[in-house]
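Scroll down for the structure; my scribbles are underneath it.
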Number of protein chains: 4
Amino acid sequence: MTASPQHHSSRSTKRQVIIDTAERLFAEHGYDATSTARIATEAGVPSGLVFYHFATKLDLLLAVVQERPAPSEVLRSAARGRTVRQRLRAVVAKMAEELENDRAVRIIVFREAQGRPEIASRAAEMFADASATVADVLADADDVVADRARVQTAAELVVSRVFLDTVALGQLEPATKRHAAMIDLIVETLTSTPG
Amino acid sequence: MTASPQHHSSRSTKRQVIIDTAERLFAEHGYDATSTARIATEAGVPSGLVFYHFATKLDLLLAVVQERPAPSEVLRSAARGRTVRQRLRAVVAKMAEELENDRAVRIIVFREAQGRPEIASRAAEMFADASATVADVLADADDVVADRARVQTAAELVVSRVFLDTVALGQLEPATKRHAAMIDLIVETLTSTPG
Amino acid sequence: MTASPQHHSSRSTKRQVIIDTAERLFAEHGYDATSTARIATEAGVPSGLVFYHFATKLDLLLAVVQERPAPSEVLRSAARGRTVRQRLRAVVAKMAEELENDRAVRIIVFREAQGRPEIASRAAEMFADASATVADVLADADDVVADRARVQTAAELVVSRVFLDTVALGQLEPATKRHAAMIDLIVETLTSTPG
Amino acid sequence: MTASPQHHSSRSTKRQVIIDTAERLFAEHGYDATSTARIATEAGVPSGLVFYHFATKLDLLLAVVQERPAPSEVLRSAARGRTVRQRLRAVVAKMAEELENDRAVRIIVFREAQGRPEIASRAAEMFADASATVADVLADADDVVADRARVQTAAELVVSRVFLDTVALGQLEPATKRHAAMIDLIVETLTSTPG
DNA sequence: TATGAATGAGTTTTCATTCAT
DNA sequence: TATGAATGAAAACTCATTCAT
């Protein structure tokens, strides 16, 4: 019998529709400001079904932030090119491009981390994962002249900037302009022999 | 000795007590998760007084984030020392030290910016202000060998990292360890002749 | 005999119980002076149920005034007799008798029409409906010697007087005394050849 | 010393401004739906002043409905002409014209009479006063052929219609059209020998 | 006579959650 | 699995009234 519960099935079960709708609403309005009734309505399911699938509203939040692939693979595969500069550009561009896929969860995670250990650890995970990915991508470049610690630090700076843009500043202006200068700064450091 | 029940500053009006209490609670638990009743109780005022001074809860939030001095002065004055490294260390240390004064508002502003234009613009203001201050501090160092654009970019990277630490990642580990490596990275760039 | 706690009709859903209770309280004390909590208590339902069935208190008011049959049928069927006088007497008497069925809604509608278009149009509807009914009743009398316009006007005068008695003046004195004279006045006009 | 409290002085004391503002707001929104704070704001006086002049909100309502001249004089003086028809036309026209002066109080009185004896008796007073005035006006016409009781009844019919128009139906259509037919009906009765 | 901050009970409304079907 | 009425605690907000100045 193959009637196993397929949580990630690509055919949207009602359970998945609830998760997707919750993700959108949590990102747009915040967790507290989104009622389960509204989630049910916009998902097109009866209100009782939300609590059939998720014992509490918090469980639904956890499902939203956990049942998502980490961004690492997508980022790693985007890093083409030989030089630090090329690779950084590709990665930062990909992060910007991913906004519409992944941004919602990132916003949710960083907004709701306060006082919720499960979410906070997911935030740390996402940050560490993204940083490690960028560090890997940079370390593999042909022109890097830098120790691993410095590469890791550079990666974390990039990720900080992009995450902050996404979560809080993204609404203000397209971040792409500033990213160019940022890339130059990082590249210069990683490709110069430390004095 | 007069054991009068003045829990707050002797000059604070009740209006200010409400703002201070709201700031603390909004930072600790978030705007939505903080009831006006709780603010009133912890401020030691009747619940109606909150709405006498602030027509809506949102107006109270705006008062909290607007009736605060920008952090620039305090940061600028903290930057002593001659070299980029010294100044950066002083500024980053000061930012960490300022947590108890300013952190609450920063957390609030970045958490609640989503979908609230007034808050979002305040977030941008705080970010721009802090970045400009750090850039000024760095530009005045004796050993800077870099154009203004690169200094500005470096400042923004610092501020991004510190803000993100404060807002979302601060709970995970003491940020101080990583700050050292970050400072090295920035310093190196600003003191080397661009190739 | 089963002393079951069915205060209302055995077939009434809780929604209908809420409407019935609201109708009574709105008529007795006015819309603004009736709290939804009191409606819930007197209807014997939890307070939340009111807002499950009616999104706002105003929606409940609209339901009260809209989910009622027009009084025309009951009035029309009451008009027995051959002469204008007989029919007028029967209709006016029936209007007085209907107080306990219909009066509440009439009071509500005319009290709350000010500034509420939906209610005002319902008021106009009730007035027009009652006037048309009375006009029909009169026109069918054997002894009418009058054109349709005059019958309609007479009907509107009757309805004006009865409605105003019901709504605002009914509390002052039993209206029945004056009704006799009013009937005479109308009858005389409708049965005399216009000069 | 002539510093007697001139409640009706044409120079608007603050007390009178409060009454005038309350009259307007009570008529527009109803007594319950008008807060004393709003009255104070729109009157341009501090909120405390309302309760300096009027012990309770209800006292202010009473002042609004009592410190107004009865409409009789104005109506009586308007009745020029010799015939019933001429006089009726003049009176009804004057009633319509008076809308902007007197209408507010009439609306208030009839809306708020329910359950408030002082207001209810004022409603009765206004109705009786208007009816008596119209009856007087009619009785003095040269062509009346009717006993006093019938004149009084006719007057009450007129007043009922006009008051109901004012209070509840006035918003629907200009009442003037229908008034013509009503006048004809009344005139006919009062000028024909009762059979 | 005037002022405006202060008070707390009351109001409408929201909402996560339960449950009988 | 699915449904939608039901529940009651808690939320934001209102407001007549008081009072020290």
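A, B, ... follow the sequence lines: proteins, then strands. Residue 1 opens every chain. The structure presented is a predicted model; accordingly, all values stated were derived computationally and were not measured.
We find that CD1 of Ile39(D) is positioned 12 Å from C1' of dC15(F), with the value rounded to whole Å. Protein atom NE2 of His29(A) is 12 Å distant from nucleotide atom P of dC15(E), rounded to whole Å. One atom, CG of Asp32(A), and another, C1' of dT14(E), lie 13 Å apart when rounded to the nearest Å. Between Leu61(C) atom CG and dT11(E) atom C1' the separation is 17 Å, expressed in whole Å. In this structure, Leu49(B) atom CG and dA6(E) atom P are separated by 5 Å, rounded to whole Å. Atom pair Tyr31(B):OH and dA11(F):P shows a separation of 14 Å (rounding to whole Å applied). What separates CZ of Arg38(D) from C1' of dC15(F) is a distance of 14 Å, to the nearest Å. Rounded to whole Å, the distance from CG on Leu25(A) to C1' on dC15(E) is 15 Å.
Using a 4.0 Å cut-off between charged nitrogen and carboxylate oxygen, Glu42(B) and Arg38(B) count as a salt-bridge pair.
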message: The test is side chain to side chain contact (heavy atoms under 4.5 Å, CB included); show your working for Thr21(D) and Val17(D) and say whether it passes.
response: CA-CA 6 Å; Thr21(D) 307; Val17(D) 175; 4.0 Å; yes

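Residue His53(B) has no polar side-chain atom (N or O) positioned under 4.0 Å from OP1 or OP2 of dG4(E). Regarding contacts with the backbone of dT3(E), a side-chain N or O of Lys14(D) is found under 4.0 angstrom from either OP1 or OP2. Within the structure, a side-chain polar atom (N or O) of Tyr52(D) is placed less than 4.0 Å from OP1 or OP2 of dT1(E).
Not one N or O on the side chain of Arg111(D) forms a donor-acceptor pair closer than 3.5 Å with the backbone of Ala27(D). Thr34(B) contributes a side-chain N or O that, together with a main-chain N or O of Leu25(B), makes up a donor-acceptor pair within less than 3.5 Å. A donor-acceptor pair is defined here as one N or O able to donate and one able to accept, closer than 3.5 Å; no such pair exists between the side chain of Arg15(A) and the backbone of His53(A).
If you find the closest nucleotide of DNA chain E to Ser47(A) and to Ser47(D), the one lying nearer the 5' end belongs to Ser47(D). Judged by closest nucleotide on DNA chain F, Gly48(A) is the one of Gly48(A) and Val45(C) placed further toward the 5' end.
The residue Thr34(C) sits close only to the backbone: its heavy atoms come under 4.0 Å of sugar-phosphate atoms, none of a base.
The side chain of Thr36(C) approaches dT12(E) more closely than any other nucleotide in the set dA6(F), dT17(E), dT12(E). Taking only side-chain atoms of Lys57(C), from C-beta outward, the nucleotide of dA2(E), dA16(E), dT13(E) with the closest atom is dT13(E). Closest approach to the Ser35(D) side chain among dA16(F), dT1(F), dG4(E) is made by dA16(F) (side chain taken as heavy atoms from C-beta onward). When distances are taken from the side chain of Phe51(B) to each of dA12(F), dA2(F), dT17(F), the shortest belongs to dA12(F).
Using a 4.5 Å heavy-atom cutoff, the side chains of Leu61(B) and Phe54(B) are not in contact. Gln16(C) has its side chain within reach of Ile19(C): a pair of non-hydrogen atoms, C-beta onward, lies under 4.5 Å apart.
With the 3.5 Å cutoff on both pairing distances, Watson-Crick and G-U pairs in DNA chain E assemble into runs of at least 3 at E:2-21 with F:2-21.
For dT21(F) and dT1(E), the C1' atoms lie 13 Å apart once the distance is rounded to whole Å.
Taking the centre and axis of the six-membered ring of Tyr31(C), the NZ or CZ atom of Arg116(C) falls inside the cone set by 45° and 6.0 Å.
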